[in-house]
Amino acid sequence: MSFQLPDLSYNHDALEPHIDSRTMQIHHGKHHAGYTNKLNAAIEGTELSNKSIDDILKNLDMNNSAVRNNGGGYYNHCLFWEIMSPNGGGSPSGNLAGAIEKSFGSFDEFKSKFSSAAGTRFGSGWAWLCAHSNGDLEVCSSANQDNPLMPGIGCGGTPILGLDVWEHAYYLNYQNRRPDYVNAFFNVINWDAVSNKYQSAID
Ligand code: MN
């Protein structure tokens, strides 16, 4: 079995002006494709080759840098495309809205905490919103292509929202203005998709 680069459910230019078409083309067609191909090469002929990506990451040998970097890159970008939409933005409703209020006090407090995690991650990495099985939520960030499913990352639970803060994710349009990119991301978050991931994580 090998992993496949997923198709986007929207066009490359669909997230403009928040995320530009050229960035989406390169990010999905080159970067994510590269992680996918290198992950497949790294697991070919090993005991990992018939496992799910979740299993691979949860039981990862963190010294296996090829699988750590490319397995993380494969998983993280699959999540990233799913939780954005041209019809995104606003704020969540239902159980997820309640969980955000319980864990952070308000949606604005959550947004502030998440934006801070994204803005202060030094160098390349990701900001995360993670759900614990008891329903509680946690915001954190990780370096490079690490993610909260991996052992010892420093935040736990299931990632239900992730923001790529590698320069390749924003530099063409935003250059050094990472905070503007983070702010714009909130206009394209697909909260229905995030809510579905939340329900799956706590069921
Ligand atoms: Mn990326």
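Whatever order the structure lists them in is the order used to number ligands and atoms, beginning at 1. These values consider heavy atoms only, across backbone and side chains, with no hydrogens, waters or symmetry-generated copies. All figures in this text were calculated on a predicted structure; none of them were measured in a lab.
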- prompt: Among the protein atoms near the Mn ion (ligand 1), how many are N, O or S and lie under 2.8 Å away?
  reply: 4

- prompt: Hey, does Trp191 have a side-chain heavy atom less than 4.5 Å from the side chain of Leu161?
  reply: yes

- prompt: Are side-chain N/O atoms of Asn70 and Gln145 paired as donor and acceptor at under 3.5 Å?
  reply: no

query: Does a donor on one side chain and an acceptor on the other come within less than 3.5 Å for His168 and His27?
result: yes

task: May I ask you to establish whether Lys113 and Phe104 are in a cation-pi arrangement, using a distance under 6.0 Å from NZ or CZ to the six-membered ring centre and at most 45° from the ring axis?
output: no

- prompt: Salt bridge or not for Glu82 and Lys197, using N-O below 4.0 Å?
  reply: yes

- request: Could you tell me whether the side chains of Trp166 and His31 share a donor-acceptor contact shorter than 3.5 Å?
  value: no

